[in-house]
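Comments concern the structure below.
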Amino acid sequence: MNRKSFHQTGALIKFYLRTDLLRLVIWILSITALTLLTAWAFEDLYQSEAERIAVAETMRNPAMTAMVGPGYGLENYTTGPMMAHQMLLFTAILAAVMTILLTARHTRGDEEDGRQEMIGSLPAGRLAPLTAVLITIGLSQLILALALGASLTLLGIDTLPASDSFLYGAAIGATGLFFAGVTAFFAQLAESSRGTTGFAFLILGVSYIVRALGDVSNETVSWLSPLGWGLKTEVYVNNYVSPVLILIAGSLLLVGAAFSLLSKRDLGSGLLPARPGRRHASPLLLSPFGLALRLLRTSIIVWGVALMAIGASYGSVLGDLESFFGSNEMLSNMVDPDSGLTLTEQFVSMLMAIMSMMAAVPALMFFFKLKSEENKNRMENLYARAVSRQKVFLSYLVISVLFGSLMMVIATISLWGASVPVMDEPMSFGTVMLSGLVYLPAIWVMIGLGALFTGLKPGIASVAWGYLIYSFLVVYLGGLLQLPEWPGKLSPFGHVPQIPGEDLNLLSLFLLMIIAGALLLIGLKGYQSRDLRG
């Protein structure tokens, strides 16, 4: 590597900042606003020591540890430790998602769309584009960390001192940097942006599962997960800086590896070459459905395994949860004996809501593959033959609905299967399955929203992802912060009866299916009439 390899890096940084300015502002403001809202709500919601002790007791159980991480400072569960325990992990995951999407967009995505060739035709160094992308992402994470630290400090809450708050922001920003490095590394290995994001999200998912297993069973295992490193700061309690330095060092190692690999590969190729195809194509490829299924086959398998692992990891701690509630007199008194439900069953209904939104992620990704193929100018070759747009649209739709629903079924069965050996009185298979299946109409509404944007205005299809993130936040934070019902009712997941615990509301589920069907029909009509890449 020489200085010429980085020529025009500064100009490219300005270009990427202009290109992604709105995206960066939205991401940073959204994460900062979410953090401020949560801190303010915690301070206002739990004002007495008795209330904080009660909340801390509910957070000691293994299931909550698996979900949000180990609780530091539970003996003095003020707003600071509460923020670090209940929000640090999920905010760090949001920062990781932000950097994965932005890094993949301007590395492998730009290569696929031909923008890298245009940049390469100009007097720019070979390593300048990747350097500019990573510096831009690094600046965004620095601003995010400073915004979080400053905003929490300005709240003026005694248990959120300035030094601790900036460490909180640094842990989140460093996590984002690490996954930017992960994405840059896989951008050199994979041959497509889909493969790059797929590998990066796979590492993110595995990191979450490893951290959950380690936090529950063996603390040493948690050190194998980059998501666990951020939690090791024990911010607002012990304030260890070394985990942040480990995250930064890890990101630098990954970036160095990415640069090394970039200098060894050709533009547009990946170091993991695609497997040679068969000499004779399968008859299944003669139909639009078969082609779409073949393109999505690997993603379906990967997501199926991931949802199975997540369901099993949650189910495996339900036995400890049951014994924990039984041995804690305070929590036992919280159970309504007339309801016939244990706190474990109530917790399962919350897990199902979270897993349903996880299942909605691959469901949307499967359908948006249609938009991705269109963006890469591959649909023109398909439509040059005697193929109708309706068949193609419906092919991706059927795959999205069918396998998106299957993801939820897999997660539900895995949760039940892992819970049976560890619970003294396992829940019935029918009850657990029903508690998961009732969320399918809400997943279909999300698919319908994706279809609507794909058919009418594919350029703003990312709004569907924003709506899914909103749904997760209001469902997760709704119970945590005791928010009013109306924010949750703005999401389809807020209209699903929580079983066990609530009566099965068939009318509500039927209305969700009607809404999903209407969105799908409007999307189909729009796709049939609009121009390609419209």
Side-chain angles (χ1 to χ4, degrees), residues 17 20-49 51-52 55-56 59 68-69 71-74 76-99 136-177 230-241 243-245 247-248 466 469-470 472-474 476-478 480-484 487:
L17 285 174
D20 280 341
L21 181 60
L22 181 59
R23 291 185 180 87
L24 292 173
V25 169
I26 290 174
W27 271 108
I28 292 172
L29 288 181
S30 298
I31 294 175
T32 303
L34 171 66
T35 302
L36 284 175
L37 170 66
T38 306
W40 173 80
F42 278 154
E43 181 71 8
D44 185 62
L45 196 59
Y46 307 111
Q47 297 182 355
S48 69
E49 184 177 358
E51 291 175 327
R52 292 193 293 269
V55 174
M59 291 294 166
V68 300
Y72 303 107
L74 292 177
N76 185 25
Y77 207 49
T78 55
T79 301
M82 206 178 295
M83 279 291 298
H85 184 206
Q86 300 186 35
M87 288 303 298
L88 178 58
L89 176 62
F90 284 116
T91 310
I93 291 175
L94 285 177
V97 171
M98 169 187 175
T99 58
T136 302
I137 298 298
L139 287 173
S140 73
Q141 295 310 290
L142 176 61
I143 294 172
L144 175 62
L146 294 174
L148 290 173
S151 58
L152 288 171
T153 302
L154 291 174
L155 284 177
I157 299 174
D158 293 338
T159 57
L160 300 177
S163 58
D164 301 36
S165 296
F166 280 102
L167 179 59
Y168 181 92
I172 293 169
T175 303
L177 280 179
L231 297 178
K232 297 299 183 184
T233 57
E234 300 183 18
V235 63
Y236 294 116
V237 181
N238 295 315
N239 297 313
Y240 299 125
V241 179
V244 174
L245 300 179
L247 282 166
I248 295 174
I469 293 174
Y470 167 83
F472 174 81
L473 293 177
V474 295
Y476 174 70
L477 295 177
L480 199 65
L481 304 180
Q482 300 180 18
L483 297 177

field: Nearest heavy atoms of T153 and A162, plus distance in Å
entry: OG1-CA, 3.3 Å
message: Let me confirm one number: the OG1-CG distance from T175 to L231, rounded to the nearest 0.5 Å.
response: 8.0 Å
W27 vs D20, side-chain contact (heavy atoms from CB on, under 4.5 Å): CA-CA, chis, key distance, verdict: CA-CA 11 Å; W27 271 108; D20 280 341; over 6 Å; no
field: Flag, side chain of T32 to backbone of L29, donor-acceptor distance under 3.5 Å
entry: no
- request: Determine yes or no for a side-chain-to-main-chain donor-acceptor pair under 3.5 angstrom, with H85 supplying the side chain and G69 the backbone.
  value: yes
Test item: L94 and L34 side chains (from C-beta on) under 4.5 Å apart, heavy atoms: yes
- prompt: Does some side-chain heavy atom of M98 sit less than 4.5 Å from a side-chain heavy atom of I28?
  reply: yes
- prompt: Can you say whether the rings of Y168 and Y236 are parallel (under 30°), tilted (30 to 60°) or perpendicular (over 60°)?
  reply: tilted
- request: Can you see which heavy atom on I172 is nearest to which on Q141, and at what distance?
  value: O-OE1, 4.2 Å
field: Nearest non-hydrogen partners of A171 and G230, listed with the distance
entry: CB-O, 4.2 Å
query: Hey, is the main chain of P487 close enough, under 3.5 Å, to the side chain of Y470 for a donor-acceptor pair?
result: yes
task: Over all heavy atoms of both residues, which pair between A145 and G169 is shortest? Give the atoms and the distance, please.
output: CB-O, 3.3 Å
message: To the closest 0.5 Å, what do you measure between CD1 (I143) and CG (L148)?
response: 12.0 Å
- prompt: Which atom names give the shortest non-hydrogen contact between L144 and A95, and what distance separates them?
  reply: CD2-CB, 4.1 Å
- request: Count the heavy atoms of every other residue, nucleotide or ligand shown that sit under 6.0 Å from CG of N238, and state whether that count exceeds 12.
  value: yes
- request: Taking the side chain as every heavy atom from C-beta outward, state whether Y240 and K232 have any atom pair closer than 4.5 Å.
  value: no
message: Do L24 and L17 make a side-chain contact, defined as non-hydrogen atoms from C-beta onward lying under 4.5 Å apart?
response: yes
- request: Starting at CG of L88, measure out to OH of Y72 and round the result to the nearest 0.5 Å.
  value: 10.5 Å
message: Ignoring hydrogens, what is the shortest heavy-atom contact between L160 and G80? Give both atom names and the distance.
response: CD2-CA, 3.6 Å
task: Look up atom OG in S165 and atom CD1 in I157, then write down how far apart they are to the nearest 0.5 Å.
output: 9.0 Å
message: Nearest 0.5 Å, please: how far is OG1 in T79 from CG in D158?
response: 9.5 Å
- prompt: Do L177 and L247 come close enough that some side-chain heavy atom pair is under 4.5 Å?
  reply: no
task: Look up atom CE in M83 and atom CG in L155, then write down how far apart they are to the nearest 0.5 Å.
output: 8.5 Å
query: Can you find a heavy atom in the side chain of F166 that is under 4.5 Å from one in the side chain of L146?
result: yes
